[in-house]
Amino acid sequence: MTYPTQPTASHFINGAYVEDDTGMPIDVIYPATGAVIGRVYSATPAIIDQALRAARNAQAAWAAMTGTERGRILRRAADIMRDRNHDLSVLETYDTGKPYQETSVVDATSGADALEYFGGMAATLTGEHIQLGEDWVYTRREPLGVCVGIGAWNYPTQIASWKGAPALACGNTMVFKPSETTPLCALKVAEILHEAGAPAGVYNVIQGLGDVGAALVADDRVDKVSLTGSVPTGRKVYAAAAAGIKHVTMELGGKSPMIVFDDADVENAVSGAILGNFYSSGQVCSNGTRVFVQSGIKEAFLTRLAERLKGAVIGDPQDPATSFGPMVSERQLGIVEGYIANGQEEGARLVYGGKRLAKDGFFIEPTVFADVTDDMTIAREEIFGPVMAVFDFDDEDEVMARANDTEFGLAAGVFTRDLARAHRVAAGFQAGTCYINTYNDAPVEAPFGGSKLSGVGRENSKAAIAHYSQLKSVYVRMGDLEAPF
Ligand code: NDP
């Protein structure tokens, strides 16, 4: 490998890099060129066991530390992450192909935000006191134990941090398995946490495909599973976790609506549609890929959208001027090309892009379809690529019914200058994360997650604490105890 800060082995277990090259080799491919830039080895059963043993052995002592002590370590890790933002962003760009222009402001920075936020919260975690006459009950907020994190490939640093930070703040330990497509960045999160003072075994990373994830989920030593991935994987992981009655957080896919009313500011609505469809080359779970545009604003919207898309700088993602990078893999590119062909076959009007770029790497143009109808495949299935579908609508009731007519419920957005309508529409959305006159913000202070098939549980914010801890009730009798015999 020729880039800075490369991890030195495949796994990070018990405070150190660990290699076991008897595992299946996994090539790391730079999406901008298709070149192999590294290799890791899938975790063998021995590596899986080593990681779970390390996490299990470390958990009691980690939980026994005060919240202030645990939080200090997390906040120190946040500082290290911010200090190394440049190198971590370069690595994230090699791992995912996302432009440095994005990775330098979104990935390690939001990972650091999570470490700082939950680091600050660790010392504030308490139970409560419930008075019952003379007697009383108190609750203890306790960790769950060993948590498994399984990540998708679009935000490898962020996902590893968003799961690790609240888990560790609550006194759990973690074994994290990144997507095999982007195996590098989570290793740096583990390295930084260890350098910041996290004891050996508190945060471990092992590589592998779905079979390694499945082995982790099925293991009796695991108390909780947090998955970021697709709905089909979510179904499998949820079912496997249910066998052991394990806690779960499921951050799954989406096909989110974005509604643009006639009275919206056109420039802002176009900005929202660009952010909600083409950021990270469209590989964002919460993207607003069904853009409903009211008839009075349709022509203005499509005209400005096409003009602004011409401003996308597509090319070398390490160049800070580049604003649109490749897809993560040849496979994902093929999936996106298949959906574009399908959109044309089913009669949608291609108004922008649609073609693979004649260059190395997995580049495809930002693509817009207009005149999309609700029954088309591109209107119903998650594409997970830069393909926007624009729909026409006339009135609010009609568009709300259509916006909610989906099995997904991750996110939804509305653009309008009418304050009452904005809040009415937000209340009516069947989605976990909603936006008014903006799209795809994800600050650590706010809960993030989906409803319907898009998932269960919430990441970030105070809400995440409930998903990484459990309450124990302790009943205290002050007087004598009566019994029937
Ligand atoms: P996948 O569902 O294919 O994979 C997710 C992770 O699960 C990967 O690490 C994968 O390993 C692993 N995995 C696969 N099968 C199993 C199994 N049986 N047991 C345990 N683990 C398994 O998702 P992608 O990586 O393709 O990511 C894209 C999807 O993720 C999209 O649907 C997107 O919407 C969703 N996503 C959701 C987000 C959210 O917060 N709601 C955020 C980001 C993405 P491997 O890849 O090595 O096979």
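Each residue takes its place number in the sequence, starting with 1. What you are looking at is a predicted structure, and each value in this text was computed from that prediction instead of being measured. Remember, it's 1-based here, ligands and their atoms both numbered in the order they're listed.
- Those atoms of ligand 1 that come under 4.0 Å of a heavy atom in Gly253, given as number and element, are 32 (O), 34 (O).
- For atom 7 (O) of ligand 1, the nearest protein heavy atom (residue, atom name, distance) is Ile150 CG2, 3.3 Å.
- Judged by distance alone, with hydrogens and angles left aside, the side-chain atoms of Asp219 form a donor-acceptor pair with the main-chain N or O of Arg221 at under 3.5 Å.
- Among Gly151, Ser256, Gly229, Gly213, the residue whose heavy atom sits closest to atom 6 (C) of ligand 1 is Gly151.
- His86 and Tyr100 have their aromatic ring centers within a separation under 6.0 angstrom.
- The shortest N/O to N/O separation between Leu252 and ligand 1 falls below 3.5 Å.
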| message | As a quick check of understanding, evaluate salt bridge (Lys or Arg N to Asp or Glu O under 4.0 Å) for Asp95 and Lys188, giving each step before the final call. | response | CA-CA 12 Å; Asp95 223 2; Lys188 301 307 291 184; over 6 Å; no

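- Among all non-hydrogen protein atoms, the one lying nearest atom 47 (O) of ligand 1 is Glu180 OE1, 2.7 Å.
- Among all non-hydrogen protein atoms, the one lying nearest atom 33 (C) of ligand 1 is Phe384 CE1, 3.2 Å.
- Taking any N or O of Thr181, backbone or side chain, none lies under 3.5 Å from an N or O belonging to ligand 1.
- By the 4.0 Å heavy-atom criterion, Val231 is excluded from the residues contacting ligand 1.
- Side chains of Asn85 and Ser89: a donor on one and an acceptor on the other come within 3.5 Å.
- In this structure, the side chain of His467 engages the main chain of Arg458 through a donor-acceptor pair within 3.5 Å.
- Annotation: the span from Asn287 atom CG to Glu382 atom CD amounts to 9.0 Å, rounded to 0.5 Å.
- When only non-hydrogen protein atoms are considered, atom 31 (C) of ligand 1 lies nearest to Glu382 OE1, 3.4 Å.
- Residue Phe448 approaches ligand 1 through these ligand atoms, each under 4.0 Å from one of its heavy atoms: 40 (O).
- For the side chain to side chain contact (heavy atoms under 4.5 Å, CB included) with Tyr30, the lone residue among Asp360, Ile37, Val36, Thr96 that qualifies is Ile37.
- Set against the non-hydrogen atoms of Trp153, the atoms of ligand 1 under 4.0 Å away are 24 (P), 25 (O), 26 (O), 27 (O).
- Here is the list of ligand 1 atoms found below 4.0 Å of a heavy atom in Ala214: 19 (N), 20 (C).
- Taking a cutoff of 4.0 Å between a charged side-chain nitrogen and a carboxylate oxygen, Glu381 and Lys255 do not qualify as a salt bridge.
- Counting heavy atoms under 4.0 Å from ligand 1, residue Leu410 touches it through the side chain alone.
- Ring geometry for Phe448 against Trp162 counts as perpendicular: the plane angle is over 60°, on a 0 to 90° scale with 30° as the lower cut.
- By the 3.5 Å distance cut-off applied to N or O atoms, Lys177 is counted among the residues near ligand 1.
- Checked by distance only, ligand 1 and Ser230 come closer than 3.5 Å through their nitrogen or oxygen atoms.
- Of all protein heavy atoms, the one lying nearest to atom 18 (N) of ligand 1 is Lys236 CD, 3.9 Å.
- Atoms NE2 and OH, on His11 and Tyr17 in that order, are 12.0 Å from each other to the nearest 0.5 Å.
- For ligand 1 and Ala152, the ligand atoms under 4.0 Å from any heavy atom of the residue are 25 (O), 27 (O), 30 (O), 44 (C).
- Using a 4.0 Å cut-off between heavy atoms, Asn154 contacts ligand 1 through its side chain alone, with no backbone atom that close.
- Protein heavy atom nearest atom 36 (N) of ligand 1, with residue, atom name and distance: Cys285 CB, 3.4 Å.
- The aromatic rings of Phe292 and Phe391 sit parallel to each other, their planes meeting at less than 30°, with 60° as the upper class boundary.
- Under the 4.0 Å criterion applied to side-chain N and carboxylate O atoms, Arg356 and Glu365 are not assigned as salt-bridge partners.
- Within the structure, ligand 1 lacks Pro232 among the residues with a heavy atom less than 4.0 angstrom away.
- If you look at Tyr155 next to ligand 1, there are no close heavy atoms at all, none under 4.0 Å.
- Only the side chain of Val237 comes within 4.0 Å of ligand 1, counting heavy atoms alone; its backbone N, CA, C and O stay farther away.
- Remark: ligand 1 and Thr233 share an N or O pair separated by less than 3.5 Å (distance only, no angle test).
- Glu92 and Lys98 are joined by a salt bridge, as a carboxylate oxygen and a charged side-chain nitrogen come within less than 4.0 angstrom of each other.
- To the nearest 0.5 angstrom, Asp223 atom CG is 7.5 Å from Gln59 atom CD.
- Residue, atom and distance of the protein heavy atom nearest to atom 17 (C) of ligand 1 are Gly210 O, 3.6 Å.
- For atom 40 (O) of ligand 1, the closest heavy atom belonging to the protein is Glu251 CB, 3.3 Å.
- When atom types are taken as modelled, the side chain of Gln50 and the backbone of Ile13 share no donor-acceptor pair closer than 3.5 angstrom.
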